[in-house]
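Worksheet: the structure to be examined is printed underneath.
First listed ligand is number 1; within each ligand, the first listed atom is number 1.
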Amino acid sequence: MRVILCDCAGEATARVVDRIARTVSETPEPVLGLATGGTMEPVYAGLIEAHRAGLSFSAATSFNLDEYVGLPPEHPQSYHSYMARHFFDHVDLPEARRFLPRGDVDPGQSAAAFEVALQRHGPVDLQLLGLGHNGHIGFNEPGSSLGSLTREKTLTRRTREANARFFGEGEMPPRSAVTMGIGSIMRARAIVVLALGQGKAAAVAAAVEGPVTAFCPGSALQFHPDTTVYLDPAAASDLRLTEHYREAEAISSARAPD
Ligand code: GLP
């Protein structure tokens with residue numbers, strides 16, 4: 001894993017935006033793996049800005065990690081709505097090439113259809129990932145098989161409570177989601193992880209420096225050949241090898257951009 005310690009959340013976000021924009025402009029038919037969550041909102045704002053400055057997504061295909069089971073696309077808290085609001089409604093990525101698991105059909109069928117689309121249009125060139133407080137990626141909660149494909153996963157109480165802030169008062173997120181599996185995520189050619197804030201520090205340390213274990217799904221990324229993790233100082237605060245990451249990055253960045 002390449003660990004990039006940024007001076008602030010704004011710098012980490014801007015570097016991720018730049019990395020995605022480079023993949024889009026340098027790949028003839030780029031396939032993007034997209035994520036949701038609060039951390040990603042400024043990433044999409046940055047990509048919309050890049051689009052207004054000339055970056056086109058017209059040749060791109062996108063795959064989103066997950067969707068809540070039971071929410072139709074038009075539900076304001078569905079990830080379909082999130083993506084429309086924060087990204088799709090503002091850029092030229094063709095509607096027919098935006099893939100998200102459906103939340104309003106049988107979860108088994110939704111997952112199977114999503115895997116078929118991934119096989120057909122994949123592999124993903126660049127997968128964007130956030131990290132849950134418990135180390136989840138997508139909605140692969142602790143205990144998820146490290147080789148899993150897209151399927152329905154029950155959400156932990158902690159995840160539902162963390163995401164309740166996006167729902168109305170007294171409303172809770174659904175009990176399960178259809179999510180790309182860890183095995184599906186690992187097929188991406190390259191992966192970027194963006195984690196910001198103190199609340200993510202323990203998950204970051206477990207994913208980057210802990211043992212590879214289903215207890216922390218993000219730790220599976222240690223097996224991926226091209227993963228870069230972008231952190232602000234708070235999210236990096238539980239790491240033990242920070243001096244080494246700085247030295248390594250000084251050498252790597254002189255040789256090849258991230
Ligand atoms: C949700 C998403 C994850 C995301 C996580 C963190 O659970 N399924 O893909 O990484 O939220 O979200 P936030 O950025 O809001 O902390």
Side-chain angles (χ1 to χ4, degrees), residues 6 9-10 12-13 16-17 20 32-47 62-71 75 77-83 85-87 99-103 107 110-111 114 124 126-144 148 150-167 172-182 184-186 188 191-204 206-208 216-221 227-232 234-236:
C6 301
T13 303
V16 167
V17 170
I20 298 169
L32 299 175
L34 300 178
T36 52
T39 310
M40 300 307 160
E41 291 179 18
V43 171
Y44 293 122
L47 287 174
S62 68
F63 285 93
N64 261 86
L65 286 164
D66 42 20
E67 180 56 286
Y68 289 113
V69 167
L71 299 195
H75 187 286
Q77 269 68 50
S78 74
Y79 284 160
H80 281 75
S81 285
Y82 171 106
M83 288 306 298
R85 206 162 49 241
H86 294 293
F87 188 50
F99 295 96
L100 287 95
R102 293 281 301 248
S110 167
F114 190 81
V124 165
L126 187 67
Q127 175 68 56
L128 175 63
L129 288 181
L131 203 57
H133 295 95
N134 58 7
H136 74 221
I137 50 175
F139 267 137
N140 293 283
E141 296 282 39
S144 293
S148 50
T150 306
R151 75 245 179 272
E152 182 179 17
K153 282 301 289 179
T154 302
L155 303 180
T156 61
R157 188 172 311 164
R158 194 173 174 202
T159 294
R160 293 176 71 225
E161 282 167 5
N163 289 355
R165 70 190 196 280
F166 297 113
F167 286 73
M172 278 293 274
R175 292 191 172 276
S176 69
V178 174
T179 179
M180 262 171 92
I182 299 175
S184 335
I185 292 170
M186 294 285 282
I191 295 177
V192 295
V193 181
L194 176 62
L196 305 173
Q198 190 63 44
K200 301 290 170 73
V204 166
V208 175
C216 175
S219 67
L221 301 173
T227 290
T228 309
V229 184
Y230 296 82
L231 304 170
D232 69 350

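- Of the possible donor and acceptor atoms, one in the side chain of S110 sits under 3.5 Å from a partner among the backbone N and O of R102.
- Below 30°, between 30° and 60°, or above 60°: for Y79 and Y82 the angle between ring planes is above 60°, a perpendicular geometry.
- Looking at D66, its side chain never comes within 3.5 Å of a backbone N or O of P101 through a donor-acceptor pair.
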Could you list each N/O atom of ligand 1 together with any protein N/O atom closer than 3.5 Å, one pair per line with the distance?
residue  : atom   : partner : partner atom : Å
ligand 1 : 7 (O)  : H136    : NE2          : 2.9
ligand 1 : 7 (O)  : N163    : ND2          : 3.3
ligand 1 : 8 (N)  : D66     : OD2          : 2.8
ligand 1 : 8 (N)  : G138    : O            : 3.2
ligand 1 : 10 (O) : L131    : N            : 3.4
ligand 1 : 14 (O) : G38     : N            : 3.3
ligand 1 : 14 (O) : T39     : N            : 2.9
ligand 1 : 14 (O) : T39     : OG1          : 2.4
ligand 1 : 15 (O) : G38     : N            : 2.8
ligand 1 : 15 (O) : R165    : NH2          : 2.8
ligand 1 : 16 (O) : K200    : NZ           : 2.7

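- With sequence neighbours left out, H80 forms a ring pair (Phe, Tyr, Trp, His ring centres under 6.0 Å) with no residue at all.
- Aromatic ring centres of Y68 and F167 lie closer together than 6.0 Å.
- Within the 4.5 Å cutoff, the side chain of Q77 has no heavy atoms near those of the P174 side chain.
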